[in-house]
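I have placed the structure first, in the form of C-alpha cells, so that the comments after it can refer back to it.
Every chain is numbered from 1 and lettered A, B, ... according to where its sequence line falls, protein lines coming before strand lines.
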2 protein chains.
Amino acid sequence: MKRRQTHSTQEILELLKAENQAMNHEMIQSKLDSQVNRATIYRVLNRFCEDGIVHKIVGDDGKQYFAFCLNCTQKTHNHNHFHFRCTQCGKVECLEKEASISLPEGYVLENFNGLISGTCNDCT
Amino acid sequence: MKRRQTHSTQEILELLKAENQAMNHEMIQSKLDSQVNRATIYRVLNRFCEDGIVHKIVGDDGKQYFAFCLNCTQKTHNHNHFHFRCTQCGKVECLEKEASISLPEGYVLENFNGLISGTCNDCT
DNA sequence: TTTTTAATGCGACATTGTTGCAATAATATA
DNA sequence: TATATTATTGCAACAATGTCGCATTAAAAA
C-alpha cells in the first residue's frame with residue numbers, strides 16, 4: 001500500500017517540522033490553515049508514526065502528542081528521551097538527555113514514554 | 001475537612017495494598033467484593049492521592065493507574081521511578097530503579113511519569 | 001483521459017474521567 | 001443513646017479523546 005501526498009498530509013507534516021514541540025490533535029487542528037477533519041488528523045498522524053517520521057508521546061494528561069523525529073535515522077528509531085509538559089502554557093518539548101534504562105531479565109521494551117510535567121522556563 | 005472511613009474506602013485501600021501492581025479503575029472495580037460506583041472509585045482514588053497514600057501514573061494507553069505508596073514517607077512523597085506496563089497481560093508494576101533527572105534552568109518539576117511498555121517476564 | 005485505490009469527511013460509537021445534586025451514612029455533639 | 005452535622009455516595013448527565021464503517025473524493029498509475 002503506497003502512501004499518497006495530499007494537502008492534509010503536507011500541511012500537517014510542515015506544521016510538525018516548523019513547530020519545535022510535540023502537539024496534540026487539538027493544537028494541530030487549530031494551527032492548520034485549512035480545515036481538516038479530526039479523524040483525518042489522527043489517521044495522518046498514525047500513518048506518520050507507522051512510517052517512523054513522527055513519534056507519539058502520551059502526556060500525563062492522557063492525551064496523545066506527536067512530534068517530528070529529529071535524531072532518528074530510518075534504522076534506529078529511538079525515542080528514549082524525556083519530554084517536558086508545561087502545565088501553564090501547554091507546551092511539550094523534548095529534553096535532550098537520553099535515558100538509559102535497564103529492564104529486568106525477560107522483559108522486552110516496546111515503547112518508552114517518559115514525561116515530566118511542571119512549569120517551564122517561560123512560565124516560572 | 002476530615003476524611004471518613006467507609007466500606008468503599010477501606011476495600012479499595014486493602015485491594016491496593018494487597019495487589020503488587022498499579023491498577024486502573026476498571027481493574028479495581030472488577031476486583032472489589034462489593035459493587036462500587038465508578039465515580040466513587042475515582043473520587044476515592046483521587047482523595048488517596050491528595051493524602052499521599054497512593055500515587056497515580058498515566059499509562060501510555062492514556063489510562064490512569066493507581067498504586068499504593070511503598071517507599072514514600074509522609075515528608076518525601078517521591079515517585080521518580082519507572083513503571084512497566086505489559087501489553088499482553090495488562091499488569092503495571094514498579095521498576096525499582098530511581099531515575100535521576102536534571103531539568104534545565106528555570107524548569108520546575110511537578111510530576112514525574114515514566115512508563116515503559118512491552119512484554120513482561122511472564123508473557124515472553 | 002480513464003482507471004485504480006488511498007485518503008478524506010461525516011456520523012456514530014466506545015471509553016475515560018468529571019461534575020451537580022439529592023440521598024445516605026460516618027462522625028461529632030448533646 | 002439520640003440527634004445534628006457534613007463527608008461520601010450513587011445516579012445521571014456531560015465533555016473530551018480517539019476509533020471505525022462507509023460513501024465520496026482525489027492522488028497516482030495506466
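Distance NZ (A/K56) to P (D/dT17): 15 Å, rounded to an integer number of Å. Between the CG atom of B/D61 and the C1' atom of C/dT15 there is a distance of 12 Å, rounded to whole Å. For B/E11 and D/dT8, the CD to C1' distance is 15 Å, given to the nearest whole Å. Protein atom CD of B/Q10 is 11 Å distant from nucleotide atom P of D/dT9, rounded to whole Å. We find that NE2 of A/H25 is positioned 11 Å from P of D/dT19, with the value rounded to whole Å. When rounded to the nearest whole Å, the span between CG of A/N37 and P of D/dT25 equals 15 Å. If you measure from atom CG of A/N46 to atom P of D/dT17, you get 15 Å, rounded to the nearest angstrom. One interatomic measurement links the two molecules: CZ of A/R3 to C1' of D/dA29, which rounds to 18 Å at whole-angstrom precision.
Of the candidate nucleotides D/dT8, C/dT5, C/dT16, C/dT5 has the atom lying nearest to any side-chain atom of A/R4. Which of D/dG18, C/dC10, D/dC11 sits closest to the side chain of A/A39 comes down to C/dC10. Taking every side-chain heavy atom of B/H7 into account, C/dA26 is the closest of C/dA26, D/dT9, C/dT16. For B/V36, the side-chain atoms get nearest to D/dG10 when compared with the rest of C/dG17, D/dG10, D/dT17. Residue A/S8 has its side chain nearest to C/dT8 when only C/dT8, D/dA7, D/dG10 are considered. Across C/dT8, C/dC21, D/dG18, the shortest atom-to-atom separation from the side chain of B/R43 is found for C/dC21.
Side chain of A/S117 to backbone of A/C86: no donor-acceptor contact under 3.5 angstrom is found. Side-chain atoms of A/E11 come within 3.5 Å of backbone atoms of A/D33 as a donor-acceptor pair (strictly under, hydrogens ignored).
Aromatic rings of B/F48 and B/F66 (six-membered ring for Trp) have centroids beyond the 6.0 Å cut-off, not under it.
Here A/R47 lies in heavy-atom contact (under 4.0 Å) with sugar-phosphate atoms only.
Between A/R38 and A/K2, the residue anchored nearer the 5' end of DNA chain D, judged by the nucleotide with its closest heavy atom, is A/R38.
A close approach under 4.0 Å does occur between a side-chain nitrogen or oxygen of B/Y42 and OP1 or OP2 of C/dG17. Residue A/T6 has no polar side-chain atom (N or O) positioned under 4.0 Å from OP1 or OP2 of D/dA27.
A continuous path of ILVMFWY side-chain contacts below 4.5 Å connects A/M23 to A/L70, so both sit in one hydrophobic cluster. Linking Ile, Leu, Val, Met, Phe, Trp and Tyr whenever their side-chain heavy atoms come within less than 4.5 Å leaves B/F82 and A/V58 in two separate clusters.
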